[in-house]
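Scroll down for the structure; my scribbles are underneath it.
Every chain is numbered from 1, with letters handed out A, B, ... down the list of sequences.
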There are 2 protein chains.
Amino acid sequence: MSSSVPDRPYHHGDLKHALVQAGIALIEEGGIPALSLRALAARVGVSHTAPRNHFGSLRGLLTAIAAEGFHRHARAMCEGVSDQSDPQARLMAAMTGYVRFARAHPALFGLMFSSLHCDMRDAELMAAGRDSYAVLSGIARGLDWDKADLPDGQRRTEVMLWSLVHGYAQLSLAGILANGPSGTMLDFADIMPAFAYRPATASPAPGDRS
Amino acid sequence: MSSSVPDRPYHHGDLKHALVQAGIALIEEGGIPALSLRALAARVGVSHTAPRNHFGSLRGLLTAIAAEGFHRHARAMCEGVSDQSDPQARLMAAMTGYVRFARAHPALFGLMFSSLHCDMRDAELMAAGRDSYAVLSGIARGLDWDKADLPDGQRRTEVMLWSLVHGYAQLSLAGILANGPSGTMLDFADIMPAFAYRPATASPAPGDRS
DNA sequence: ATGACATGTTGCCATCGTAAACATTTCACT
DNA sequence: AGTGAAATGTTTACGATGGCAACATGTCAT
């Protein structure tokens, strides 16, 4: 670094972050297969083995990208939720955000849940996933349905809602839901059970003020 | 075919079928990455370009395997269903079969819904998928819930149930559902809503005899 | 019989991920 | 300040993969 303007410094400076960003861009453009270490390195302007210093392997890079995906995913779910005060509307807003993100970023969304590409036991990825899960979990708190009062009731609610919206998103992305005779695809709102909204089937929580 | 015992005929005889079977075996052993055209060809005892004559490309082979997967998937769902006469038990049996198949054949199951590996617009694959869908569809017929009487009610029921069980299976396979504080994972029965079993919430169908 | 077609093989190429050896920069410690 | 270890990038090379072209062999309709 002899001149004040670094023409092409030997060290990139923030390569790790740049690789994740460019990697996401590549994935959005051409899907997961479009993301090769060599293409990515060329795009950022480094040698094709430079990513190895930061991620160890392609799998490590994909794992890091998936973690970033979960962060964006959580943000997408939160969008619109804070505007609503009604628990029903908040839940629906989160669900809608979930599906909207999946449709807007299909390859990234697929990567996030692909144990084929990611190391699901990676600490960062798990933390990011938990953050995303926490959004849905918080919104689902207090919702009542026929299994809410059983042991692990809160967790049952979370897993049930997550399974429902995740399954819809996956099937929708796979292009399988468009098999209807009319050719139209049901929206998520069309299959979202209303039962989850009933706030008082068993015993209403006294201090339930969100 | 000059001798009654074909030592190693130039033509395999039923290579297409053999490739699918061996391909599934490879996938079950080492996951999708374990299935390379070369490894598969070596396993069957042909040159590495022989599969090309039958499937065109690796993608075509994977698509054919996925179609076979859907056939087995449909069979797994049917298992246990015919024993039951109660609609609730029949539905639960199909759902259980769905999850059981996914857990017993995780890689194959993942392949079946991966537009990354398969050509989802392939005629055979779509037909196989429809057959599998028809199993669930038939069992879901007549079930009542809060959206069963709206337009496209039957299809809403199918898609809702499919999304729920498929999402659970996918999340379960991804190893994401084991994040509970107790470390235990909720079974599908723990999150299966009972509401779908109530046969008369709105207006009971007169001829509802399954 | 014979020519078209299906089926299978050999050889080759571009691309990829990974690894080792080396170069350059940064940084902690004295 | 000086120095060695660590971090960060590069170069070169290797093995594996999917796809393609050219060719070989068997099958089948006419």
Atom-to-atom span, CG of A:Leu37 to P of D:dC14 - whole angstrom: 20 Å

Atom CG of B:Leu35 to atom P of D:dA16: distance rounded to whole Å? 17 Å

Evaluate the ring planes of A:Phe109 and A:His166, with Trp represented by its six-membered ring, and classify them as parallel (under 30°), tilted (30 to 60°) or perpendicular (over 60°). tilted

Give me the residues of residues 45-69 of chain B where at least one heavy atom lies under 4.0 Å from an atom of DNA chain C, by number, or none. B:Val46, B:Ser47, B:His48, B:Thr49, B:Ala50, B:Asn53, B:His54

Can you check the A:Lys16 NZ to D:dA7 P distance for me, whole Å? 12 Å

Aromatic plane relationship, B:His73 with B:Phe70 - under 30° parallel, 30 to 60° tilted, over 60° perpendicular: perpendicular

Name of the residue among A:Leu61, A:Leu125, A:Ile65 meeting side-chain contact (heavy atoms from CB on, under 4.5 Å) with A:Cys118: A:Leu125

Within the distance-only criterion (no hydrogens, no angle test), does the side chain of B:Arg103 pair as donor or acceptor with the backbone N or O of B:Ala169 below 3.5 angstrom? no

Derivation and outcome, salt bridge (charged side-chain N to carboxylate O under 4.0 Å, His left out), residues B:Glu79 and B:Arg75: CA-CA 6 Å; B:Glu79 281 176 17; B:Arg75 234 182 300 148; over 6 Å; no

Which residue lies more 5' along DNA chain C, comparing B:Arg38 with B:Asp14 via nearest heavy atoms: B:Asp14

Rounded to the nearest Å, what distance is computed from the CD1 atom of residue B:Ile32 to the P atom of nucleotide D:dT17? 16 Å

To the nearest 0.5 angstrom, please state how far the CD atom of B:Glu158 sits from the CG atom of B:Leu136. 7.5 Å

